[in-house]
Amino acid sequence: MTEGSREDATGGWTATLVELIRRAATALPGDVIAALRGALQAEAHSCRAAGMLETIVANDVLAREDSTPLCQDTGTVTFFFRLPRASDHLALAASARAAIAEATRRGYLRRNTIDTLSGASRDDNVAPGAPVLHFEQRDGAPPEAWLLLKGGGCENMSAQYSLPDTRLQAGRDLEGARACVLDAAWRAQGMGCAPGILGVCIGGDRAEGYRAAKEQLLRPLTDTAAAPELAALERRLLAEANTLGIGPMGLGGATTLLGVKLTSLSRLPASYFVTVAYMCWACRRRGVVAAADGTPLRWLEWLET
Amino acid sequence: MKAAAIELRHPFREADVRALPLGAAVSLSGAIYTGRDRLHRYLHDGGAAPIDLRDGAIFHCGPVVAPSSRADGGAGWRVVAAGPTTSSREDPYMPAIIARHGVRVILGKGGMGAATQAACREHGCVYVQVVGGAAAWLARRVRRVGRVWFLEEFGATEAMWEFEVAGLEGIVAIDARGESLFTAVRQDSERVLRRLLRGGPPERG
């Protein structure tokens, strides 16, 4: 992995990204904890649902104390870099890979990467397609690195719909999108480790739809979409999904979702995709604002939009 | 769920398991064995179990384990994180494993399908839901890591680990009559979904 002077120039980034992984893997963001505590109060009448939420909250305390993974599935490691002009993407990619190998050695990440053809497990979690790296450049702000750890159980519950959908009687409009989101929440039941958080992209092509849907999971549970119609739909979908009665882990209760985060992209005239990224309650996200050499300036728990 | 938990200790007797009511909180102690897709497929295809699983428990779990030195100087293992994985992936293999090996308790998350429920009824087995994702909490219930099998062949995540647990709590989500809590939730929530999707134009505000 060492690449001479390039490695020297980005050693700061490697250490910062290891710390970013540690923070993300071992402690829930404050907004998610607050939502879980709120759900605990809402479920006070249900012994079973409240018991599971108590365990979930207690689990975060233990993981935090010991810097151990709060969920054993440390997930697909997805970085979103937001960088100034003239940033060295190759060097940052090398730092991200080195950071993952080190975080795996330290036990912040499980050996969680399988060669699809041979079935062999990778010792360092570095392989084609792992980690997932997204780069975006912008002017007027210092570098930011964002990390999302998303486990396989909830990833398996993510879904993409192509409208119109005759089964759902969903047309090509926001009402149709609403039907897709409710259907996805219902289909997931407890299998994605409810209560979940839905990142949703309306529009885009299939690949961009999933990327944008996942990116919504960086947003705090407390914000609303910038577009007023999406903000209204977010509120409505959260309230409606929580009448489904699926509850924590699918054993019944008033808390099926903690949040719904919508965005939209333009689309082709012929296509209307609704893409739902289902995130479990263990929504592991962190960000860091850093100097150009990777020195951390500010640690963040959600993306301000 | 803590106050009323029914205590169960390995070996899990058929009569005790058959007496567990659906939805009961249980607290398990003693030996349990982890297994994921590789182990289930191996056992399903006729592979020999490295230990007798009769009256035993299989935990659908791929733990994070770290080497640790034991007091006697030997090498050992420590569980860092150990939550359940999605059980429905083992549905194709589970009925045959329950029938052939006499497994009494399955620990996992998300429930299992009709064939596994039928096997629970026929052979006297229950499915216990443990809290998905609560891996640090669950790791504290593992008092000791015993033996490990298939470590080289399957990798650490898919290997079969022997855990000595104390007070590992969960909920009987499929009982030995084959009844499932998940079925009721799915059916009730489907009725609500139908109503929501039939609903008229969106309310304002």
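Order of the sequence lines sets the chain letters (A, B, ...), proteins ahead of strands, with each chain counted from 1. Note: hydrogens, waters and symmetry copies are ignored here, and every other heavy atom, side chains too, is used.
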Side chain, backbone, both or neither: which part of [X] has a heavy atom under 4.5 Å from chain A?
X	value
S88(B)	side chain
A82(B)	backbone
E190(B)	both
R140(B)	side chain

Examine whether an atom of [X] lies under 4.5 Å from a heavy atom of chain B, and if so say whether it belongs to the side chain, the backbone or both; otherwise answer neither.
X	answer
A282(A)	neither
R187(A)	backbone
Q169(A)	neither
A63(A)	both
D183(A)	both

If you compare all heavy atoms of [X] against all heavy atoms of [Y], which two are closest, and at what distance to 0.1 Å?
X	Y	answer
C193(A)	G133(B)	SG-N, 4.3 Å
R111(A)	T157(B)	O-OG1, 3.0 Å
S189(B)	W186(A)	OG-NE1, 2.9 Å
V64(B)	G107(A)	CG1-O, 4.4 Å
E240(A)	L196(B)	O-CD1, 3.7 Å
M191(A)	K109(B)	O-NZ, 3.2 Å

Pick whichever of [options] has the most heavy-atom pairs under 4.5 Å with chain B.
options	answer
T243(A), I56(A), N112(A), T256(A)	T243(A)
G250(A), S121(A), G245(A), G252(A)	G250(A)
V61(A), L233(A), L182(A)	L182(A)
T68(A), T26(A), L62(A)	L62(A)

- [ ] Take atom CZ of R37(A) as the centre, draw a 6.0 Å sphere, and report whether it contains more than 12 heavy atoms from other residues, nucleotides or ligands.
- [x] no
Can you tell me how far apart [atom1] ([X]) and [atom2] ([Y]) are? Round to the nearest 0.5 Å.
X	Y	atom1	atom2	result
R186(B)	I246(A)	CZ	CD1	8.5 Å
Q72(A)	T85(B)	CD	OG1	7.0 Å
M52(A)	E169(B)	CE	CD	12.5 Å

As an exercise: rank [options] by heavy-atom pairs under 4.5 Å with chain A and give me the winner.
options	value
A173(B), G132(B), A81(B), A66(B)	G132(B)
V130(B), T86(B), L193(B), V65(B)	L193(B)
G111(B), P63(B), A134(B), G110(B)	A134(B)

Task: Short side-chain donor-acceptor distance under 3.5 Å, W137(B) and T55(A) - done: no
Task: Residues of residues 35-42 of chain B near chain A, each having a heavy atom less than 4.5 Å away - done: R36(B), R38(B)
Open item on the list: Using side-chain heavy atoms (C-beta onward) and a distance below 4.5 Å, is R48(A) in contact with L181(B)?
Closed with: yes
- [ ] Find out whether V185(B) and L251(A) are in side-chain contact, i.e. whether some heavy atom of one side chain is under 4.5 Å from a heavy atom of the other.
- [x] no
